[in-house]
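I have placed the structure first, in the form of structure tokens, so that the comments after it can refer back to it.
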Amino acid sequence: MTSAFPCLVLHLPSSRFMGRFEKLGSCCKRVRKGVRLQCTSRAVDPNAAGGKLTTLGKTSLKVSKLGVGTLQWGDPGSGFGDKYVEEDLGNAFDELVKGGINFFDTAEVYGYQGIPSGKSAEQMIGRFLLRQAIQEASKASLSPKIATKFFTIPWTNFLVGGGFRLGRKSLLDALTASLKRLGKSKIDLYQIHFPFPTFSNSALMESLKEAVELGLTSAVGVSNYSKVQMEEAADLLAQYRVPLASNQVKYSLLSRKAEEEGLLKVCKERSITLIAYSPLESGLLSAKTFQRKDRRALQVQPLLRTLEKIGQESGGKSITQVALNYLVCKGALPIPGCKTTNQAKEHCGVLDWRLEADQVAALDQEAKLLKA
């Protein structure tokens with residue numbers, strides 16, 4: 001979703017969400033037909049936890065190479081309470097941890113409508129963390145790692161409570177409220193949801209430094225930051241000897257701005273993890289798209305055929321698994337959504353193998369052809 005402010009691309013719960021804020025604020029060339037991809041994927045030992053994990057930036061946090069985003073958890077606009085309920089999400093959560101995925105990204109505003117009844121994303125995750133299945137998994141190396149975010153719009157209090165947001169203290173107050181909803185004394189990763197004119201980058205980074213010093217978070221990151229904004233944030237944090245662990249941006253086979261504008265390259269150079277949201281383009285990169293007849297669906301079908309072909313040659317992997325594995329191979333940490341145990345099992349199936357370089361190149365060519 002594009003903001004009214006330059007360089008701001010927001011990853012928000014629903015169109016209704018921004019509508020409410022507007023009211024409140026008034027303010028590879030294609031692989032040729034018949035050419036067979038001869039390469040096969042590399043297997044990763046599914047019994048070796050280390051093969052499924054990566055280090056988050058320059059921190060000591062070990063997270064799965066693929067995580068899960070909880071944008072839709074608790075959001076009625078996305079079908080919560082109708083198409084899926086808390087039990088579905090809890091079962092998916094258990095299945096994800098069981099299968100090796102331990103990184104969960106949320107935000108204080110995800111499912112904010114349910115805060116009074118205890119049904120926001122943060123509150124439900126807090127309960128899932130207490131489930132017996134998770135307690136058992138936590139004894140191993142795959143204990144869940146939770147990331148949440150600070151919403152920088154001053155009038156966020158209309159959604160999540162608390163006071164009007166101005167100054168550094170508002171971030172610490174918001175983090176304390178998030179920890180209470182999660183039932184935790186310390187978060188693994190605390191992120192700035194997006195830059196906003198009422199908060200300078202220096203003020204935000206100083207607040208993140210204070211959060212680290214107070215023991216409220218293990219690591220800090222940003223989201224929706226451009227290359228220039230991210231580098232400034234990293235330099236500001238470096239003055240306090242606090243590493244910028246991550247930058248969460250939209251990145252997929254069909255949304256390649258992070259790569260084209262050099263953000264991914266700088267992330268690699270500075271050891272900042274690029275967390276990729278919307279990695280499946282809201283389900284467009286899936287077999288279901290073959291059933292659609294709209295212009296966009298028809299446009300991407302050649303790419304889907306290539307994904308399907310690579311999946312077949314990689315031991316029967318699905319289109320979505322290949323699309324997600326592609327991002328892992330590019331050096332990103334994708335966080336697709338997940339609401340069911342079937343989706344959870346499919347996501348976990350991304351961790352036990354890896355595309356070959358020429359398969360990645362073939363997908364690069366196909367994606368570039370779509371933009372030509």
Side-chain angles (χ1 to χ4, degrees), residues 28-46 51-52 54 64-67 249-269 273-337 343 346-372:
C28 336
K29 292 181 182 177
R30 186 180 312 163
V31 176
R32 301 301 180 191
K33 186 175 181 180
V35 176
R36 178 177 174 80
L37 295 172
Q38 298 293 338
C39 49
T40 57
S41 60
R42 285 175 286 163
V44 175
D45 182 359
K52 299 181 179 182
T54 187
S64 49
K65 293 179 180 179
L66 180 140
V249 298
K250 186 174 184 181
Y251 181 38
S252 75
L253 266 165
L254 298 175
S255 296
R256 305 171 65 82
K257 184 178 178 181
E259 190 170 343
E260 294 165 349
E261 296 187 353
L263 177 62
L264 179 61
K265 180 175 182 289
V266 172
C267 282
K268 291 178 179 179
E269 292 172 348
T273 298
L274 189 149
I275 300 174
Y277 70 73
S278 296
L280 297 175
E281 293 290 328
S282 300
L284 188 62
L285 294 174
S286 73
K288 292 181 179 179
T289 302
F290 285 129
Q291 302 169 14
R292 292 169 45 180
K293 302 301 179 185
D294 57 280
R295 181 175 177 274
R296 183 56 170 160
L298 294 174
Q299 183 184 34
V300 303
Q301 285 202 12
L303 172 61
L304 296 180
R305 294 295 181 195
T306 301
L307 288 164
E308 184 178 52
K309 188 180 185 71
I310 291 175
Q312 291 170 350
E313 296 174 348
S314 300
K317 297 298 182 180
S318 69
I319 288 173
T320 59
Q321 287 175 323
V322 177
L324 293 170
N325 198 285
Y326 167 85
L327 294 177
V328 173
C329 291
K330 298 292 276 191
L333 195 168
I335 50 168
Q343 288 177 328
E346 186 172 25
H347 291 342
C348 291
V350 175
L351 298 175
D352 59 1
W353 62 291
R354 189 177 178 88
L355 292 170
E356 292 290 348
D358 42 1
Q359 291 175 315
V360 173
L363 292 170
D364 280 334
Q365 288 181 321
E366 194 72 60
K368 289 175 183 177
L369 187 62
L370 280 173
K371 297 196 68 173

(message) Working note: T320 + L307, criterion side chain to side chain contact (heavy atoms under 4.5 Å, CB included); need CA distance, chi angles, decisive distance, verdict.
(response) CA-CA 8 Å; T320 59; L307 288 164; over 6 Å; no
Heavy-atom pair of closest approach, residues [X] and [Y]:
{"X": "T289", "Y": "Q301", "answer": "O-NE2, 4.1 Å"}
{"X": "G67", "Y": "L333", "answer": "N-CD2, 3.5 Å"}
{"X": "P334", "Y": "L324", "answer": "CG-O, 3.9 Å"}
{"X": "L253", "Y": "A367", "answer": "O-CB, 3.4 Å"}
{"X": "R292", "Y": "L284", "answer": "NH1-CD1, 3.6 Å"}
{"X": "Y326", "Y": "R256", "answer": "OH-NH1, 2.8 Å"}

Euclidean distance, [Y] [atom2] relative to [X] [atom1], rounded to 0.5 Å:
{"X": "K368", "Y": "L303", "atom1": "NZ", "atom2": "CG", "value": "13.5 Å"}
{"X": "L264", "Y": "E269", "atom1": "CG", "atom2": "CD", "value": "10.0 Å"}
{"X": "L304", "Y": "K288", "atom1": "CG", "atom2": "NZ", "value": "13.5 Å"}
{"X": "E366", "Y": "I310", "atom1": "CD", "atom2": "CD1", "value": "9.0 Å"}
{"X": "S286", "Y": "E281", "atom1": "OG", "atom2": "CD", "value": "11.5 Å"}
{"X": "L327", "Y": "I335", "atom1": "CG", "atom2": "CD1", "value": "11.0 Å"}

I'd like to check [X] versus [Y] (side-chain heavy atoms, cut-off strictly below 4.5 Å). Are they in contact?
{"X": "L274", "Y": "K330", "answer": "no"}
{"X": "Q359", "Y": "S314", "answer": "yes"}
{"X": "W353", "Y": "V328", "answer": "no"}

(message) So that I can tick it off, tell me whether E346 and K317 are bridged by a salt bridge, with the cut-off set at under 4.0 angstrom between side-chain N and carboxylate O.
(response)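 So K317 does not pair with E346 through a salt bridge.
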(message) For E308, is there an ion pair with R305 - N to carboxylate O distance below 4.0 angstrom?
(response)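 Salt bridge present between R305 and E308.
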Check: [X] side chain, [Y] main-chain N or O, donor-acceptor pair, under 3.5 Å:
{"X": "S282", "Y": "S278", "answer": "no"}
{"X": "S255", "Y": "S252", "answer": "no"}
{"X": "T273", "Y": "I275", "answer": "no"}
{"X": "K65", "Y": "G51", "answer": "yes"}

(request) For side chain to side chain contact (heavy atoms under 4.5 Å, CB included), just list the numbers for T306 and V322, CA-CA rounded to whole Å, side-chain angles, deciding distance to a tenth of an Å, and then say yes or no. (result) CA-CA 10 Å; T306 301; V322 177; over 6 Å; no
